[in-house]
2 protein chains.
Amino acid sequence: MPTVSSEELAAAAGVNSAKLRKDFSYLGSYGTRGVGYDVEYLVYQISRELGLTQDWPVVIVGIGNLGAALANYGGFASRGFRVAALIDADPALAGKPVAGIPVRHSDDLEKIIQDNGVSIGVIATPAGAAQQVCDRLVAAGVTSILNFAPTVLSVPDGVDVRKVDLSIELQILAFHEQRKAGEEAAADGAVPATAARKQSAGKGPDGDMPAVMPA
Amino acid sequence: MPTVSSEELAAAAGVNSAKLRKDFSYLGSYGTRGVGYDVEYLVYQISRELGLTQDWPVVIVGIGNLGAALANYGGFASRGFRVAALIDADPALAGKPVAGIPVRHSDDLEKIIQDNGVSIGVIATPAGAAQQVCDRLVAAGVTSILNFAPTVLSVPDGVDVRKVDLSIELQILAFHEQRKAGEEAAADGAVPATAARKQSAGKGPDGDMPAVMPA
DNA sequence: GGATGTGAACAATTTCACAGCC
DNA sequence: GGCTGTGAAATTGTTCACATCC
């Protein structure tokens, strides 16, 4: 399939074709009127804009179950990420290979960052160690941090942090699940699934109040 | 701190106080004019709206590194999630405890779902097994699926799927990292960091084109 | 006096619809 | 004839500002 129309792409993505064309237009005029978009050319342009064509060395700090899962994750290489090193504070792990990469001791963290020109770090340590690891990464020159530890990290200006909370997505599913159940029960006086029910929210002892309610 | 004002909450969250008040107003009229919001009452109302006050039994299928990391993840219990069972296809794992919960063989998947009234399933298997596991979960009554496998799952209407791609967040960091670098280099003719550069995007052999460009 | 709750004003985003080009 | 690229219209989201209530 050498070319594709905005209509086809939009249908595949579940969005409006005008939106897709307008979004693409912000990247440049990469289509041909009457024909569509050249697939290979479009893929390259989008890849470049997203930074997929660059090589990004990253370090993963904290090689527990999650760190090991990340090290084994196949999706990184295809998006331009290269795991420059795995780092853990446990001396017993040092030298052992995980996903084919030997684990290094955290004493060498600064040297590893500098030798490899790493600007992105992944923190998969327990919560208690995360801020300290973060501080060392930043001091060594890392400017973007992906944090899996259940802590809010504080960093100086100019450093980006993104926090991944593995339970947030479950939370969202549970929210929709709750609404599904609510709709089924809507006939017998249950709270409707829409957010618009402003008037019914009296604070009295009204049955939907739990023991936790303040006096 | 028994009460809190929209102003204080907004400052803490980094948003406008009017937005916060308007958002809260969609849940109901839970504040007191001249006083603010009763913290404990507000926490309960938001928790209830999000489904945090319910008990959600979940199963985790695929107990590799990622499945084990999820089983050990502390954040689930506090948000109302209860790991009803860990399931894996490897007979060697069956009976072994992970995070204190014995792993069950996937032969028992349907029975486990039904005995525990599970409506939410987590898939942490390799990509090749994910669709098959998904089909079995759905057939057994699961209506929400959190998918960590790098595959797009197809499900019947009425079933929610959320896909977590661990490399997406890295991607976002790399995107911003690229822009940081671009801004530093902006003086010497590099592509500007803003998206608005429509006119310069000629298709000719213009130096920023790679070998992958179509003929 | 002080802070909510909310119409109205404003801003951003999405969609329409069609001129322009292949 | 077909499909992009984009002004203009429609829709959606955010902020202002103030009447209202504790």
Side-chain angles (χ1 to χ4, degrees), chain A residues 1-46 48-49 172 175 191-206 209 213-215, chain B residues 1-46 48-50 172 175 191-204 206 209 213-215:
Chain A
M1 193 173 191
T3 66
V4 65
S5 70
S6 62
E7 203 68 57
E8 292 168 302
L9 280 175
V15 300
N16 181 293
S17 68
K19 179 178 197 313
L20 195 138
R21 287 201 300 282
K22 183 149 278 190
D23 284 359
F24 281 4
S25 79
Y26 290 120
L27 304 179
S29 216
Y30 296 144
T32 308
R33 291 167 195 228
V35 177
Y37 298 89
D38 183 291
V39 172
E40 204 175 353
Y41 184 68
L42 184 63
V43 165
Y44 166 70
Q45 289 297 347
I46 293 175
R48 187 176 51 80
E49 191 73 30
I172 295 169
F175 179 73
V191 172
T194 70
R197 56 191 174 76
K198 300 174 193 169
Q199 56 299 328
S200 68
K203 273 196 193 175
D206 57 8
M209 281 308 306
M213 184 181 92
Chain B
M1 194 173 191
T3 67
V4 65
S5 71
S6 62
E7 203 68 57
E8 291 168 301
L9 280 175
V15 298
N16 182 294
S17 68
K19 180 179 196 315
L20 195 137
R21 287 201 300 282
K22 183 149 278 192
D23 284 0
F24 281 5
S25 80
Y26 289 121
L27 304 177
S29 217
Y30 296 145
T32 306
R33 289 165 198 231
V35 178
Y37 297 91
D38 182 291
V39 172
E40 202 174 356
Y41 184 67
L42 184 63
V43 165
Y44 167 70
Q45 289 297 346
I46 293 175
R48 186 175 53 79
E49 191 74 30
L50 293 178
I172 295 169
F175 179 72
V191 172
T194 69
R197 52 189 177 77
K198 299 174 194 170
Q199 58 299 329
S200 68
K203 273 194 194 175
D206 57 9
M209 282 308 307
M213 187 181 91

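Sequence lines set the chain letters: A, B, ... in the order given, protein chains first and strands last, and positions in each chain run from 1.
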Q: How long is the line joining CG of A:Leu20 and P of C:dC16, in whole Å?
A: 14 Å

Q: Can you measure A:Leu27 atom CG to D:dG5 atom P for me and round it to whole angstrom units?
A: 11 Å

Q: Rounding to a whole Å, what distance do you find between B:Glu7:CD and C:dG5:P?
A: 14 Å

Q: Nearest whole angstrom, please: distance from the P of C:dT4 to the OH of B:Tyr41.
A: 16 Å

Q: Please round to the nearest 0.5 Å and tell me the distance separating atom OH of A:Tyr37 and atom CD of A:Gln45.
A: 12.5 Å

Q: Hey, does A:Tyr37 reach any base, or is it just sugar-phosphate, or nothing, if we go heavy atoms under 4.0 Å?
A: sugar-phosphate

Q: To the nearest Å, give me how far apart NZ (A:Lys22) and P (D:dA8) are.
A: 11 Å

Q: Enter the distance from B:Tyr41:OH to B:Thr32:OG1 here, rounded to the nearest 0.5 Å.
A: 9.5 Å

Q: Of A:Val35 and B:Val4, whose nearest nucleotide on DNA chain C comes first from the 5' end?
A: B:Val4

Q: Considering heavy-atom distances to DNA chain D, does B:Gly34 or A:Arg33 have its closest nucleotide positioned more toward the 5' end?
A: A:Arg33

Q: What nucleotide, of C:dC16, D:dC18, D:dT15, holds the atom closest to the side chain of B:Arg21?
A: D:dC18

Q: Checking all strands, does B:Ser17 fall into the base, sugar-phosphate, or nothing category for heavy-atom contacts under 4.0 angstrom?
A: nothing

Q: Would you say the side chain of B:Leu9 lies within less than 4.5 Å of the side chain of B:Leu42, judging by non-hydrogen atoms?
A: yes

Q: OP1 or OP2 of D:dC3 less than 4.0 angstrom from a side-chain nitrogen or oxygen of A:Tyr30, does that happen here?
A: no

Q: Drop me the distance from B:Ser5's OG to B:Arg21's CZ, to the nearest 0.5 angstrom.
A: 9.0 Å

Q: Can you check the B:Tyr26 OH to C:dG5 C1' distance for me, whole Å?
A: 11 Å

Q: If the cut-off is 4.0 Å, is B:Ser6 near the phosphate of C:dT4, judged by side-chain N/O to OP1 or OP2?
A: yes

Q: Does C:dT14 have its OP1 or OP2 closer than 4.0 Å to a side-chain nitrogen or oxygen of A:Lys19?
A: yes

Q: In whole Å, what is the span from the CZ atom of B:Phe24 to the C1' atom of C:dT6?
A: 16 Å

Q: After noting the C-alpha distance and the side-chain angles of A:Phe24 and A:Ile46, does the key distance pass the side chain to side chain contact (heavy atoms under 4.5 Å, CB included) rule?
A: CA-CA 9 Å; A:Phe24 281 4; A:Ile46 293 175; 4.0 Å; yes

Q: Does OP1 or OP2 of D:dG5 have a side-chain N or O of A:Ser29 closer than 4.0 Å?
A: yes

Q: Between D:dC22, C:dG5, C:dT15, which nucleotide gets closest to the side-chain atoms of B:Thr32?
A: D:dC22

Q: Between B:Asn16 (CG) and C:dA9 (C1'), how many Å, whole number?
A: 14 Å

